[in-house]
Colleague: 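Encoded as structure tokens, here's the structure I'll be asking about.
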Number of protein chains: 2
Amino acid sequence: MEVSTLASALLAEDTGALLDRALEQWTAILGPYHVMVDERSRTAAETATFATSQRVPAILRPGCREEVQECIRIANRFRVSLYPVSSGKNWGYGSRVPVADASVLIDLSRMNRIVDFNEKLAYVTVEPGVTQRQLFEFLGTHQSRLWMDATGSSPECSLIGNVVERGFGHTPYGDHFAQVCGFEVVLPTGTLMQTGFCRFPAAQAGPVYRWGAGPTLEGLFSQSNLGIVTRMTIWLMPAPEHFEAFFFQCNRADQLAGLIEALRPLRMQGILRSTVHIANDYKVLAGIQQYPWQETGGQTPLRPELMAQLRSRLKFGAWSGSGGLYGTRGQVAEARRAIRKALKGKVDRLQFLDDRKLAFASRFAKLYQLLTGWDLSKVIELARPIYGLMKGVPTEQPLASTYWRKKSVPPTSMDPDRDGCGLLWLAPVAPTEGHHVELIAKIANDILLEYGFEPSISMTLITERAVACVISICYDRREAGQDDQAMACYHRLRQAMTDRGYYSYRLGIQAMSEMSGPDGYADLVRAIKNAVDPNGVLAPGRYQPGVSVPSQTTATPIAKA
Amino acid sequence: MEVSTLASALLAEDTGALLDRALEQWTAILGPYHVMVDERSRTAAETATFATSQRVPAILRPGCREEVQECIRIANRFRVSLYPVSSGKNWGYGSRVPVADASVLIDLSRMNRIVDFNEKLAYVTVEPGVTQRQLFEFLGTHQSRLWMDATGSSPECSLIGNVVERGFGHTPYGDHFAQVCGFEVVLPTGTLMQTGFCRFPAAQAGPVYRWGAGPTLEGLFSQSNLGIVTRMTIWLMPAPEHFEAFFFQCNRADQLAGLIEALRPLRMQGILRSTVHIANDYKVLAGIQQYPWQETGGQTPLRPELMAQLRSRLKFGAWSGSGGLYGTRGQVAEARRAIRKALKGKVDRLQFLDDRKLAFASRFAKLYQLLTGWDLSKVIELARPIYGLMKGVPTEQPLASTYWRKKSVPPTSMDPDRDGCGLLWLAPVAPTEGHHVELIAKIANDILLEYGFEPSISMTLITERAVACVISICYDRREAGQDDQAMACYHRLRQAMTDRGYYSYRLGIQAMSEMSGPDGYADLVRAIKNAVDPNGVLAPGRYQPGVSVPSQTTATPIAKA
């Protein structure tokens, strides 16, 4: 295509012709094998765990940052939107599906090198394709004494993907975005940049000190469409001398507020250094089994009355929680005493578990069952993945719960997108105070049951002062009408939370256009976006305040020249 | 002035006429009392602890954010540069002096309200004029169980000023920029914005969760010229059940590397949760007394041989350090054991001190002296401010050391700018490894002595992985030639550090133009600056990479229309 032809295509907004030209150039750079346009790949990329209508014309799979730079330069040339995903496992928030229609996916999973590792200073530098499993195995291979922090999703999740979405995990390094530095970023124009001290030649403190000198820019590249992160340093925690987990449960739902009030001082005082996770009965049940179709006679939702029966039969509480204790033996013992004291009268059960006890219990489970009739192995099977997460061991276990409303068992190789698992997540944040979490739980309970879904709730004491609540709307996408019903429920829930001042720490692709009205923050983000992405090619609409990208139309959002 | 007159003045770059018009409008807004143009005020504002040539035409003192907004709108109208300071006590880095010549100072010290306080969730929301002393007294008045983190400067320092410069303190909340959220910012065009959840109406988690939803922007307003922070939430730590300080010393300089290697695992494992400060003999001596003019016969610098004699006479080491232990009694006892074990053979002296011991020692100091001949009260007098800092008690003690090379004693009301105290600080950051800190100390020692200054060095284990070294070039500005000599030493030192890859976490106004060559980071910051400050009126040159603002000329840097 001659320059003049390109100009007239741009002028005529002949997006088809522009896309074709872009595909030609991408193919020249990446080779045909890494430019996927076949229907199967495209359909997979267009599928999330809820209804979407965005079409994905192609998927690019660059192998290095230089190819990422070239890909985005070509996108600029032909005004084609690019939407980056690391592993694309952003389940519950939109999976791989772009926010705007007609965006070409740029899939970074081939860039999976661990480019630096330092045992003494406890960090790794990774590319976006590096998964939780990969880092876990790498640490094992190197007989490292370091623990990673794993998020309770799949082992195949990208580490960087989770960090830039500001996900969280289960150890003292659980607030993922707080434990990283030294981003390498490809800007929307193709320029490469580095944050912190890493931008200076041969900087010694690049991987160990976050702020650098001058404005600190990491925040611009989390939950945004301002750049593609191609490298990042992630800090790891040294394995403590001793680790112990604690598990607790409350039999009554109304014990939640008191529990939160009891836990806050422990978290604030540094007696609990890690995130503490609390789940309601629905959440726990979905971790144990699928929907009880038999007991309910096929009716949904699972009513609280039946839930109460299941609870007492399966021996779990209205609220169940867990946390980890990390330190010297003496420190852990001290923390154990403090927790016992603080939770006395607040919980109905409190148990501590360490490696020794776990091994012992596993060995004697059969004997124990003979003696007591209680199948301990079942409990161990449930506890082990949670216990492991607190030691930074990734697990596939939580993924199974996305099959909750399915009538067949989860397959060996789980893929919620492919299998029509319905999942919408809303994640409001509140101060760690009893009345806040109580109110959030009540709102979620009422609305989800009203819409015919089980109110599955987890509450995570993510920092010293804040709780992140994750509310799951879990359904079967193959059931007629359920997609619409779930989305209506989501929007109603979101509005109810917003009305009370509870905003989400993370948004699904369907909610990003509603981020906020016009304000100074929105104006500034827009000004920065215009400055760094004059053609608006990078992930239009992604966490872009005040920009409405209709997902229900086929209108092309490709920016004009 | 008519619009046409304004236009022609702008066109003619008649900066005098523009400034006069701006002053008229500022006076109309703030009243004449808060627009200072008298020579005494201007001279004071033009004076730092090293040589500067920037002229300050006026000082504005707005009383609220609306006045800040109006001030900057007027600055835009007449293309006059504005340079914000909170308390202006940025000693060693430029005090109140603007980076660019002919900038009008906007002094925020009148905005000194504590606008929110929450004992349970442990935070305050403050304006830029709130000082360390003010918050400390506020907590006392409210019988709060919360501790602030104080930086070892003056009690009159602004809290926000220190945070945005990314200063550090002595408690587990010592990395100041990591313990804040919810910035309210006046952008260079006068727009008001808020970061994090605070931007949403009635957000509950605004003061407790930092990241909000969408891009995180706090970093843009630290070490930058992109906005004026008019409000901020600062997290406070709950007073621990028990506090204990530890003090250690090494008699030989070559013990430093081993000491650092021993401390790193303690910091990394969370046994030490706070910053640990280590000072060399020169630094300690400057904390005890002024330059020993008598012993040296008036000669400078103080040679290592004499330093060694003074050390043994005054009973301090080549390296002295301190840190705090915070927690339950059991946790502190456990940490004490771990520290004893780790420092065994690494230090020549290790002492623990708590409130009880300190009170006891104070009471029996006289008796002790009678019995042993050793004046314990002197030791207590020295230890008390450091001990206090670890509990968040601000102190004026470190300020006295800026009078090190003076021949008269520090006045009751100290003011290093006014009194011609010479001070230049360089603060390179390194990974917490023995060989790095050893090399930094050697470079500093060699260069400072060569230039005739005492190498006064502190090393702070500011995070789990990084050490911030503060090297002081301390001199008497009233001595002829010393300003030039000190600045030459500074640039030589800075170059030597940079050559080895040790970059500073914070820069003085004289060094900001040298921040970096052209790179992606610099381009991005420049693009953002242009987008948010089209007239370039806000603090031109401040932490602005790649922009050279000569400070030795009288050229006006006021941006053109």
Side-chain angles (χ1 to χ4, degrees), chain A residues 121-122 166 177 187 191-195 197 199-200 202-205 208-209 211 213-220 222-224 226 238 240 268-270 273 327-328 330-331 334 338 429-431 436 465-466 501-505 507 515-516 519-521 523-525 527-528 531-532 543 545, chain B residues 121-122 166 177 187 191-194 197 199-200 202-205 208-209 211 213-220 222-224 226 238 240 268-270 273 327-328 330-331 334 338 429-431 436 463 465-466 501-505 507 515-516 519-521 523-525 527-528 531-532 543 545:
Chain A
L121 294 166
R166 303 203 288 257
F177 189 63
L187 294 176
T191 307
L192 192 75
M193 62 158 282
Q194 291 184 292
T195 67
F197 283 135
R199 69 189 165 100
F200 296 124
Q204 302 281 3
V208 294
Y209 182 75
W211 313 125
T216 292
L217 303 186
E218 286 81 9
L220 287 182
S222 70
Q223 296 193 355
S224 85
L226 301 170
M268 197 88 94
Q269 292 273 6
R273 288 165 55 211
T328 61
Q331 281 179 312
E334 182 67 16
V429 179
H436 285 301
R465 290 163 185 77
Y502 302 119
Y503 297 88
S504 283
Y505 90 91
L507 296 168
M515 263 182 75
S516 78
D519 66 338
Y521 170 92
D523 291 347
L524 176 56
V525 172
I528 296 172
V532 302
Y543 286 105
Chain B
L121 294 166
R166 303 203 289 257
F177 190 63
L187 293 175
T191 306
L192 192 75
M193 63 159 281
Q194 291 184 293
F197 283 134
R199 70 189 164 103
F200 296 125
Q204 303 281 3
V208 295
Y209 182 74
W211 314 126
T216 292
L217 303 186
E218 286 80 11
L220 287 182
S222 69
Q223 296 192 355
S224 86
L226 300 171
M268 198 88 92
Q269 292 274 6
R273 290 166 53 212
T328 61
Q331 281 179 312
E334 182 67 18
V429 179
H436 285 301
T463 66
R465 292 164 182 76
Y502 303 118
Y503 297 88
S504 283
Y505 90 92
L507 296 167
M515 263 181 75
S516 77
D519 66 340
Y521 171 93
D523 291 347
L524 177 56
V525 172
I528 296 173
V532 302
Y543 286 105

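Fair warning: this is a prediction, and the values are worked out from it, not measured in the lab. Quick note: numbers below take in every heavy atom, side chains included, and nothing from hydrogens, waters or symmetry partners. Labels below follow one simple rule: chain letters A, B, ... track the order of the sequence lines, proteins then strands, and each chain is numbered from 1.
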Colleague: Can you tell me which of G330(A), G270(A), A466(A), A202(A) forms the most heavy-atom pairs within a distance under 4.5 Å of chain B?
Modeller: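 The option with the most such pairs is G330(A).
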
Colleague: What part of L187(B) is in contact with chain A, defined as an atom under 4.5 angstrom from a non-hydrogen atom: side chain, backbone, both or neither?
Modeller: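 For L187(B), the contact with chain A is made by the side chain alone.
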
Colleague: Are E334(A) and E334(B) side-chain neighbours, meaning at least one heavy-atom pair lies under 4.5 Å?
Modeller: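 No; the side chains remain at least 4.5 Å from each other.
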
Colleague: Between E218(A) and T216(B), is the side chain to side chain contact (heavy atoms under 4.5 Å, CB included) condition met? List the steps.
Modeller: CA-CA 8 Å; E218(A) 286 81 9; T216(B) 292; over 6 Å; no

Colleague: Using the rule ring pair (Phe, Tyr, Trp, His ring centres under 6.0 Å), only one of F177(A), Y503(A), Y505(A) pairs with W211(B); which is it?
Modeller: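 One option only clears the test, and that one is F177(A).
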
Colleague: Identify which part of A122(A) has an atom lying under 4.5 Å from any heavy atom of chain B, answering side chain, backbone, both or neither.
Modeller: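 Both backbone and side chain.
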
Colleague: Using side-chain heavy atoms (C-beta onward) and a distance below 4.5 Å, is P215(A) in contact with Y521(B)?
Modeller: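 Side-chain contact under 4.5 Å: yes.
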
Colleague: Between chain B and each of G327(A), A531(A), S224(A), P238(A), count heavy-atom pairs under 4.5 Å; write down the option with the most.
Modeller: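 Among the listed options, the one with the most contacts to chain B is P238(A).
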
Colleague: For L524(B), run the side-chain contact (heavy atoms from CB on, under 4.5 Å) check against T191(A), T195(A), V532(A), L226(A) and tell me which one passes.
Modeller: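 The passing option is V532(A).
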
Colleague: Between chain B and each of V525(A), V208(A), L220(A), L192(A), count heavy-atom pairs under 4.5 Å; write down the option with the most.
Modeller: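 The answer is V208(A).
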
Colleague: When you measure from the side chain of R465(A) to the backbone N and O of L121(B), does any donor-acceptor pair fall under 3.5 Å?
Modeller: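 Side chain of R465(A) to backbone of L121(B), a donor-acceptor pair under 3.5 Å: yes, one is there.
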
Colleague: Please classify the contact of A430(B) with chain A as side chain, backbone, both or neither, using a heavy-atom distance under 4.5 Å.
Modeller: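 For A430(B), backbone heavy atoms alone lie under 4.5 Å from chain A.
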
Colleague: Which atoms of Q194(A) come close to chain B, meaning under 4.5 Å heavy atom to heavy atom: side chain ones, backbone ones, both, or neither?
Modeller: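 Only the backbone of Q194(A) comes within 4.5 Å of chain B.
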
Colleague: Between V429(A) and chain B, which part of the residue has a heavy atom less than 4.5 Å away: side chain, backbone, both or neither?
Modeller: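 Both parts, backbone and side chain.
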
Colleague: Quick check for you: among R273(A), Q269(A), Q331(A), Q223(A), which has the greatest number of heavy-atom pairs under 4.5 Å with chain B?
Modeller: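 Most heavy-atom pairs under 4.5 Å with chain B: Q223(A).
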
Colleague: Measure the spacing between CG of D523(A) and CE of M193(B) and express it to the nearest 0.5 Å.
Modeller: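 Going from the CG atom of D523(A) to the CE atom of M193(B) covers 9.5 Å.
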
Colleague: Can you give me the closest heavy-atom contact between A213(A) and S504(B), atom names plus distance?
Modeller: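 Where A213(A) meets S504(B) most closely, the heavy atoms are CB-O, 3.5 Å.
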
Colleague: For chain A, which candidate among P431(B), A527(B), P240(B) shows the most heavy-atom pairs at distances under 4.5 Å?
Modeller: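 Among the listed options, the one with the most contacts to chain A is P431(B).
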
Colleague: Quick one: what part of L217(A) sits under 4.5 Å from any heavy atom of chain B, side chain, backbone, both or neither?
Modeller: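 It is the side chain, since no backbone atom gets that close.
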
